[in-house]
Number of protein chains: 2
Amino acid sequence: MIGRLNHVAIAVPDLAAAAARYAGPLGARVSAPQDLPDHGVRVVFVELPNTKIELLEPLGDASSIAAFLAKSPSGGMHHVCYEVEDIHAARDRLVQTGARVLGDGAPKIGAHGKPVLFLHPKDFDGCLIEIEQV
Amino acid sequence: MIGRLNHVAIAVPDLAAAAARYAGPLGARVSAPQDLPDHGVRVVFVELPNTKIELLEPLGDASSIAAFLAKSPSGGMHHVCYEVEDIHAARDRLVQTGARVLGDGAPKIGAHGKPVLFLHPKDFDGCLIEIEQV
């Protein structure tokens with residue numbers, strides 16, 4: 001069911017400093033920062049040949065990234081996102097096998113303008129998984 | 001400098017159960033488990049079209065994964081691995097820009113039989129980064 005790894009998201013306390021580390025010491029191609037107020041994040045994309053890394057900084061007080069950084073002030077790996085062809089079929093399969101979908105279970109429009117769901121990390125070894133229909 | 005994302009590693013407390021979740025609810029192709037005693041891990045590869053996920057279970061008492069799970073018993077995202085063409089050139093660039101290489105700074109032979117280095121997570125927003133020469 002799951003297809004490509006769309007991205008790995010890393011929460012960072014200082015987006016400009018993090019972007020400079022990926023562009024400088026790591027020598028990667030890094031996008032300009034984008035504000036996504038509906039998602040409570042400011043994001044920079046690190047563009048790799050086969051996938052991308054999303055560096056996430058909180059935007060606004062209700063950001064879920066702010067809550068993450070309150071527990072891990074240095075930052076850390078936040079989630080992975082897998083692509084699926086049909087998010088409703090994916091959701092049904094996951095729910096039928098006992099996995100919990102966060103929120104009300106309905107897909108939302110994600111940071112890339114496509115339908116997404118998040119799965120409960122306790123059902124996947126402490127790893128927060130995003131599913132995105134591409 | 002960094003090229004493809006070679007893999008994302010997730011530490012898990014029960015490898016067989018984790019592999020079953022990726023093969024079942026998530027519907028991914030999952031390898032047979034492999035023991036890598038030199039690295040203190042038993043590993044299963046989740047094979048995605050563009051990269052792979054490594055599920056890691058401790059093997060032996062001195063496993064670094066056992067230490068990780070002592071802090072996070074449910075498991076969690078452990079590291080990301082980026083490919084480089086020349087690991088010595090990569091190491092020199094990183095050290096010159098102030099990044100710290102774990103251990104004695106010399107590349108070791110990693111779980112895939114290729115030279116690897118790990119970078120200090122405090123220098124990269126709490127994210128443990130492995131660099132692998134491919």
Side-chain angles (χ1 to χ4, degrees), chain A residues 1-15 17-18 20-29 46 48-53 55-57 68-69 72-80 82-84 90 93-99 119 121-129 131, chain B residues 1-15 17-18 20-29 46 48-53 55-57 68-69 72-80 82-84 90 93-99 119 121-129 131:
Chain A
M1 184 179 75
I2 56 170
R4 295 175 75 257
L5 177 73
N6 186 276
H7 62 268
V8 178
I10 301 172
V12 306
D14 180 338
L15 189 61
R21 280 189 279 273
Y22 281 81
L26 289 170
R29 202 167 76 176
V46 179
L48 303 177
N50 60 331
T51 190
K52 57 185 180 286
I53 308 297
L55 304 177
L56 302 175
E57 179 185 66
F68 181 94
L69 291 174
S72 301
S74 305
M77 297 172 75
H78 187 266
H79 69 266
V80 291
Y82 300 118
E83 298 178 356
V84 296
R93 175 182 177 140
L94 285 157
V95 170
Q96 279 163 16
T97 51
L119 306 178
K122 284 204 187 296
D123 294 336
F124 292 97
D125 307 290
C127 179
L128 178 60
I129 293 178
I131 300 284
Chain B
M1 183 179 76
I2 56 171
R4 295 176 74 258
L5 176 72
N6 185 275
H7 63 268
V8 178
I10 300 172
V12 305
D14 180 337
L15 189 62
R21 279 189 280 274
Y22 281 79
L26 290 170
R29 202 167 78 175
V46 180
L48 303 177
N50 60 333
T51 189
K52 57 185 180 286
I53 308 297
L55 305 177
L56 302 174
E57 179 185 67
F68 181 94
L69 291 173
S72 301
S74 304
M77 298 172 73
H78 187 265
H79 69 267
V80 292
Y82 301 117
E83 299 178 355
V84 296
R93 175 181 178 139
L94 285 156
V95 170
Q96 279 163 16
T97 51
L119 305 179
K122 283 202 187 299
D123 294 336
F124 291 97
D125 306 289
C127 179
L128 177 60
I129 293 177
I131 300 284

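Quantities reported herein were computed from a predicted structural model and do not represent experimental measurements.
For chain B, the option among A:D14, A:T51, A:I131 with the highest count of heavy-atom pairs below 4.5 Å is A:T51. For chain A, the option among B:K122, B:Q96, B:H79, B:H78 with the highest count of heavy-atom pairs below 4.5 Å is B:H79. Top candidate by heavy-atom pairs under 4.5 Å with chain A, chosen from B:V46, B:V12, B:L5, B:I10, is B:L5. Of the listed residues B:P121, B:S74, B:A99, the one with more heavy-atom pairs under 4.5 angstrom with chain A than any other is B:S74. Options A:T97, A:V84, A:D123, A:D125 differ in how many heavy-atom pairs under 4.5 Å they form with chain B, and the most are formed by A:D125.
Across all their heavy atoms, B:P25 and A:L94 have their closest contact at O-CD2, 3.7 Å. Pairing each heavy atom of A:L48 with each of B:G3, the nearest pair is CD2-O, 3.5 Å.
Looking at A:A11, the atoms closer than 4.5 Å to chain B (heavy atoms on both sides) all sit in the backbone: N, CA, C or O. For A:L119, the part lying near chain B is the side chain, with the backbone staying farther off; criterion is any non-hydrogen pair under 4.5 Å. Both the backbone and the side chain of A:L26 come within contact range of chain B, with heavy atoms under 4.5 Å apart. With a threshold of 4.5 angstrom between heavy atoms, A:A18 approaches chain B through its backbone and through its side chain. A:A23 touches chain B through its backbone: at least one of N, CA, C or O sits under 4.5 Å from a heavy atom, while the side chain does not. Of the atoms belonging to A:V80, heavy atoms from both backbone and side chain fall under 4.5 Å from chain B.
Evaluation of the side chain to side chain donor-acceptor pair (under 3.5 Å) rule for B:N6 yields B:K52, B:E83 as partners, not counting sequence neighbours. Under the salt bridge (charged side-chain N to carboxylate O under 4.0 Å, His left out) criterion, B:R93 pairs with no residue at all, not counting sequence neighbours.
Distance CD1/A:I2 to CD1/B:I53: 7.0 Å, rounded to 0.5 Å. The CD1 atom of B:I129 sits 9.0 Å away from atom CE of A:M77, with the distance rounded to the nearest 0.5 Å.
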